[in-house]
Amino acid sequence: MFFRNLTFFRFPPKTKLADLETALGETALKPVGPLEMSSRGFVSPFGRDAEVLHHRLGDSLWLTVGGEDRLLPSAVVNDELAKKIAAIEQREGRKVGGKNRQRLKEDVLHELLPRAFVRPMRLDGALEVKDGVVAVDTSSRKAAEAWISELRRALGSFPALPLNPGVAPRSVLTGWIAGEPLPAGLVLGEECELKDALDGGAIVRCQRQELQGDEIAKHLEAGKQVTRLALVLDDKLSFVLGEDLVVRKLKFLDGAVQALEADRTDDLRAELDARFALQSAELKRLFALLEKAFQLSKAEA
């Protein structure tokens with residue numbers, strides 16, 4: 001269940017969470033209706049067969065938003081609509097106007113929706129209640145905001161905001177490649193993205209590249225700045241950090257999972273619990289590092 005991306009939010013640590021199980025139960029996922037395009041709600045982090053809608057370990061909370069989306073491509077709708085319009089025009093010898101087209105399109109949707117395939121989805125998130133931090137397992141800001149919106153719907157209110165750095169992330173990332181000291185425990189990986197400072201300028205993407213070599217140095221001398229940078233934390237986490245402070249390609253390395261391998265069990269619930277505990281500890285360390293390096297402001301109550 002390890003997260004693979006992290007979009008962070010902050011909220012006031014003193015935020016009171018309502019009776020969480022009741023609140024989540026009232027906004028649990030309901031099957032998408034025959035005439036609905038989608039449905040969203042909370043599901044169990046432990047899978048569809050489990051009933052509990054959240055998991056808490058100390059001050060760490062694991063919540064999962066589930067969804068069902070009907071797959072109805074516009075090409076299918078337009079094709080069926082064209083057939084209906086052609087039949088009417090041939091039968092009645094007249095052109096179908098705009099209002100009638102819209103009515104016919106709605107009729108087509110009502111006919112096709114109940115027969116459309118349903119695609120399930122789930123999106124995990126973790127709350128560090130004491131620290132006032134949320135991490136959603138996505139690199140999409142839109143998807144992360146939607147996850148937060150579901151939590152607000154469940155709780156009535158939830159004052160979470162995106163990260164607010166006190167320094168320009170692009171300048172910090174560029175400085176790390178240019179030779180400025182990295183935070184303790186952090187080393188460069190082998191991937192980066194560089195952009196010209198001017199909008200619309202050149203973009204250079206490097207993979208499996210020595211980032212402090214002559215080739216990268218020439219790009220920096222030409223005025224390019226780092227917008228994404230691969231990093232490794234204490235041989236336990238590898239990831240790509242963007243100037244938007246979204247963590248992508250997150251991977252837990254052998255140094256982090258050795259204890260899990262030694263204590264492997266056939267109890268799936270126990271293993272998921274152990275993985276969540278490990279993930280929570282590592283993400284706390286990572287966020288503390290980002291907080292200091294980018295001078296992240298606290299969320300005000």
Side-chain angles (χ1 to χ4, degrees), residues 2-10 126 131 133-145 160-256 279 282-299:
F2 288 141
F3 289 8
R4 288 183 271 186
N5 301 280
L6 302 170
T7 296
F8 288 109
F9 297 84
R10 302 205 79 164
D131 299 328
V133 177
V134 183
V136 185
D137 183 12
T138 179
S139 61
S140 165
R141 177 70 65 184
K142 181 179 179 180
E145 291 280 6
L161 295 172
L163 300 186
N164 182 27
V167 293
R170 185 180 290 199
S171 66
V172 175
L173 298 176
T174 303
W176 287 348
I177 280 189
E180 294 179 7
L182 278 76
L186 206 61
V187 297
L188 296 177
E190 297 181 332
E191 178 181 343
C192 74
E193 177 183 88
L194 303 103
K195 290 184 180 180
D196 280 334
L198 298 176
D199 290 338
I203 300 175
V204 176
R205 295 184 176 93
C206 304
Q207 290 184 322
R208 296 183 293 277
Q209 175 83 36
E210 169 56 52
L211 299 185
Q212 290 187 320
D214 293 340
E215 186 175 344
I216 299 297
K218 290 179 181 178
H219 287 300
L220 297 180
E221 290 172 4
K224 293 185 178 67
Q225 298 176 323
V226 179
T227 52
R228 291 190 185 184
L229 181 61
L231 297 160
V232 179
L233 178 60
D234 288 334
D235 290 326
K236 293 185 176 182
L237 298 177
S238 67
F239 55 94
V240 175
L241 180 64
E243 64 174 331
D244 53 4
L245 298 184
V246 172
V247 173
R248 298 171 173 85
K249 299 183 180 181
L250 179 65
K251 185 176 181 180
F252 288 74
L253 305 177
D254 290 344
Q279 176 177 276
E282 294 300 327
L283 295 194
K284 283 181 183 179
R285 290 201 312 123
L286 174 57
F287 187 83
L289 183 152
L290 298 179
E291 182 177 36
K292 183 176 181 180
F294 297 96
Q295 300 176 24
L296 302 179
S297 61
K298 302 282 187 181

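The model shown is predicted, which means the values in this text are computed figures rather than measured ones.
Minimum heavy-atom separation, I216 to C192: CD1-SG, 4.2 Å. Contact record, P162 with E145: CG-OE2, 4.0 Å, taken as the closest heavy-atom pair. Taking both residues in full, the closest heavy atoms of V172 and A293 are given as CG2-O, 4.2 Å, listed atom of the first, atom of the second, then distance. The shortest heavy-atom contact between L253 and S238 is CD2-OG, 3.8 Å. Taking all atoms of both residues into account, the shortest heavy-atom contact from R141 to F8 is NH1-O, 4.1 Å.
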Under 3.5 Å, sequence neighbours excluded: what are the donor-acceptor pairs made by side chains of residues 183-191?
unit_1: E191; atom_1: OE1; unit_2: K249; atom_2: NZ; d: 3.3
unit_1: E191; atom_1: OE2; unit_2: K249; atom_2: NZ; d: 2.9

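Inter-residue side-chain proximity for F9 and V136 is flagged as met; some heavy-atom pair is nearer than 4.5 Å. Contact annotation: the side chain of W176 approaches that of L231 to within less than 4.5 Å [non-hydrogen atoms, C-beta and beyond]. Using a 4.5 Å heavy-atom threshold, the side chains of T7 and L245 count as separate. Between V204 and E193, every side-chain heavy-atom pair lies at or beyond the 4.5 Å cut-off. Side chains of L250 and V240 form no contact here, defined as non-hydrogen atoms less than 4.5 Å apart.
Considering CG of D235 and CG of D254, their distance stands at 10.0 Å, rounded to 0.5 Å. Rounded to the nearest 0.5 Å, atoms SG (C206) and CG (L194) are 6.0 Å apart.
A salt bridge links R285 to E282: at least one charged side-chain nitrogen sits closer than 4.0 Å to a carboxylate oxygen. Ion pairing between a basic and an acidic side chain is recognised when a charged N comes within 4.0 Å of a carboxylate O; R10 and D131 show no such pairing.
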Verdict with supporting geometry, F294 and L173, side chain to side chain contact (heavy atoms under 4.5 Å, CB included): CA-CA 10 Å; F294 297 96; L173 298 176; 4.1 Å; yes
Chi angles and distances behind the side chain to side chain contact (heavy atoms under 4.5 Å, CB included) call for L220, T174: CA-CA 8 Å; L220 297 180; T174 303; 3.9 Å; yes
Candidate pair L241 and L290, rule side chain to side chain contact (heavy atoms under 4.5 Å, CB included), full reasoning: CA-CA 10 Å; L241 180 64; L290 298 179; 3.8 Å; yes
Residues R205, K195; criterion side chain to side chain contact (heavy atoms under 4.5 Å, CB included); working and verdict: CA-CA 9 Å; R205 295 184 176 93; K195 290 184 180 180; 5.6 Å; no
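Considering only residues two or more places apart in sequence or on other chains, R228 meets the salt bridge (charged side-chain N to carboxylate O under 4.0 Å, His left out) condition with none of them. In this structure F252 satisfies the ring-ring contact (aromatic ring centres under 6.0 Å, His included) test together with F2, sequence neighbours excluded. Here F3 pairs with nothing under the ring-ring contact (aromatic ring centres under 6.0 Å, His included) rule; sequence neighbours left out. The salt bridge (charged side-chain N to carboxylate O under 4.0 Å, His left out) search around K251 returns none, not counting sequence neighbours. Among residues two or more places apart in sequence or in another chain, the side chain to side chain contact (heavy atoms under 4.5 Å, CB included) test is passed with A202 by D196, K224.
In this structure, Q209 contributes its side chain and L211 its backbone to no donor-acceptor pair below 3.5 Å. Within the 3.5 Å criterion, the main-chain N or O of R4 finds a donor-acceptor partner in the side chain of D137.
In this structure, R248 places its CZ atom where more than 12 heavy-atom neighbours from other residues, nucleotides or ligands lie under 6.0 Å away. Atom CD of Q212 is surrounded by more than 12 heavy atoms from other residues, nucleotides or ligands within 6.0 Å.
Side-chain contact annotation: N5 with T138, donor-acceptor N/O pair under 3.5 Å absent. With no hydrogens or angles considered, no side-chain donor-acceptor pair links T227 and E243 at under 3.5 Å.
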